[in-house]
Amino acid sequence: MYEYMIGSLEEQAMDYVVIDQNRMGYKVKVSTNTLNELPSLHSEVKLHLHQVIKEDEVSLYGFATTDEREIFRTMIGISGIGPKAAMGLLSQFSRNELIGHIVNDDPKSIAKAPGIGIKTASRIILELKDRYKDVSVGDLKTVSLQAKDDTVTQAINGLVGLGYSISEASDMVARAFTPESSIEALITGALRSANPLKGRSS
């Protein structure tokens, strides 16, 4: 089994990348979260890998972090959830957001992922809630109202427009969130919570 790959990022699409390693191009399927963490084309990149072998296909799935790979492997271990559905979950949510929805017993939010219905979302919660029962939602930097609050979504989108990844923006907004926050106040507070040494060009 492959552990990771380091090579040149030669092609990037909606759900996969092509990595050149020793003059061979490897097609690696990735989530939106991982896509947001990738460097520019022709730069060196490291992806943590999971290999899926079927009768007529061998596929590589790549992840920016071992944490994302861990939750992918957890998802495909659930009956009825294949690699495609698991990648859909990781494209819809960050790892922390997904665990937050499990801890909060929120199947409606999980069911927003492509190919995931309420029954499947409920099964995910049923099978994994005990696994994550000791995880603090505060530690995950998630807010129970996020999935229901348009203000949060718009604030995250605003930060993404400023150059932050979805994962970074979600974490920043979670730190700054209060129920009475306006979009402007939430974005301002999120920017103040960011590491001042990690600048972004406007």
Side-chain angles (χ1 to χ4, degrees), residues 1-2 4 12-17 27-38 47-54 57-150 152-153 156-157 159-160 164-174:
M1 171 135 350
Y2 298 110
Y4 62 81
Q12 180 175 326
M14 291 291 292
D15 58 355
Y16 72 88
V17 295
K27 181 178 181 179
V28 184
K29 298 180 181 181
V30 295
S31 70
T32 300
N33 283 319
T34 288
L35 281 173
N36 288 331
E37 300 297 326
L38 294 177
L47 292 177
H48 303 276
L49 299 177
H50 179 87
Q51 185 180 32
V52 174
I53 301 175
K54 298 181 180 179
E57 182 183 5
V58 177
S59 300
L60 289 175
Y61 292 82
F63 307 91
T65 66
T66 54
D67 281 344
E68 188 184 22
R69 183 176 62 181
E70 173 266 328
I71 197 74
F72 170 83
R73 288 174 171 172
T74 299
M75 288 298 126
I76 62 175
I78 297 174
S79 176
I81 299 181
K84 183 177 180 180
M87 292 302 272
L89 284 162
L90 292 175
S91 290
Q92 184 74 27
F93 311 109
S94 70
R95 173 187 179 275
N96 286 355
E97 288 170 337
L98 181 54
I99 294 175
H101 293 320
I102 293 168
V103 172
N104 287 330
D105 196 5
D106 187 359
K108 288 185 178 179
S109 290
I110 296 175
K112 292 178 181 179
I116 303 295
I118 287 292
K119 283 187 176 180
T120 301
S122 297
R123 186 163 66 251
I124 290 171
I125 292 171
L126 180 64
E127 295 202 22
L128 298 182
K129 193 166 186 179
D130 284 347
R131 177 172 182 157
Y132 297 115
K133 64 182 180 181
D134 294 327
V135 177
S136 165
V137 176
D139 290 342
L140 293 172
K141 299 174 184 175
T142 59
V143 180
S144 61
L145 295 176
Q146 280 188 348
K148 304 174 184 178
D149 197 325
D150 288 340
V152 170
T153 300
I156 291 173
N157 289 338
L159 291 171
V160 170
Y164 290 91
S165 70
I166 293 175
S167 178
E168 287 175 322
S170 297
D171 284 349
M172 291 162 62
V173 168

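Just the heavy atoms: all of them, side chains too, but no hydrogens, waters or symmetry mates, feed the values below.
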Member of R73, E70, R69 meeting the side chain to side chain donor-acceptor pair (under 3.5 Å) criterion with H50
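For H50, the side chain to side chain donor-acceptor pair (under 3.5 Å) test succeeds with only one of R73, E70, R69, which is R73.
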Please name the pair of heavy atoms, one in [X] and one in [Y], separated by the smallest distance, quoted to 0.1 Å.
X	Y	value
S91	S31	OG-CA, 3.5 Å
G88	A113	O-CB, 4.1 Å
G62	V30	O-CG1, 3.6 Å

Checking D67 now: which residues fulfil side chain to side chain contact (heavy atoms under 4.5 Å, CB included) with it, not counting sequence neighbours?
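Residues passing side chain to side chain contact (heavy atoms under 4.5 Å, CB included) with D67: T65, R95.
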Residues which pass side chain to side chain contact (heavy atoms under 4.5 Å, CB included) with Q51, listed by chain and number, not counting sequence neighbours
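Q51 satisfies side chain to side chain contact (heavy atoms under 4.5 Å, CB included) with Y2, I53, V58, L60 only.
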To the closest 0.5 Å, what do you measure between [atom1] ([X]) and [atom2] ([Y])?
X	Y	atom1	atom2	value
L49	S59	CG	OG	12.0 Å
I99	F93	CD1	CZ	12.5 Å
I76	L89	CD1	CG	12.0 Å
Q12	L35	CD	CG	5.0 Å
I102	Y132	CD1	OH	6.0 Å
N33	Q92	CG	CD	10.0 Å

The single option from Y16, F72, Y4 passing ring pair (Phe, Tyr, Trp, His ring centres under 6.0 Å) against Y61:
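Between Y61 and the candidates, ring pair (Phe, Tyr, Trp, His ring centres under 6.0 Å) is satisfied uniquely by F72.
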Do K112 and E97 sit within salt-bridge range, that is, some charged N less than 4.0 Å from a carboxylate O?
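No salt bridge links K112 with E97.
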Could you pull out all donor-acceptor pairs under 3.5 Å where a side-chain atom in residues 119-130 meets a protein atom, sequence neighbours excluded?
from, atom 1, to, atom 2, distance (Å)
S122, OG, I118, O, 2.9
R123, NE, S79, O, 3.0
R123, NH2, S79, O, 2.9

Hey, are the side chains of M87 and F63 touching, using non-hydrogen atoms and a 4.5 Å cut-off?
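In contact.
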Measuring only between side-chain heavy atoms, which start at C-beta, is L90 closer than 4.5 Å to M75?
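No, their side chains stay 4.5 Å or more apart.
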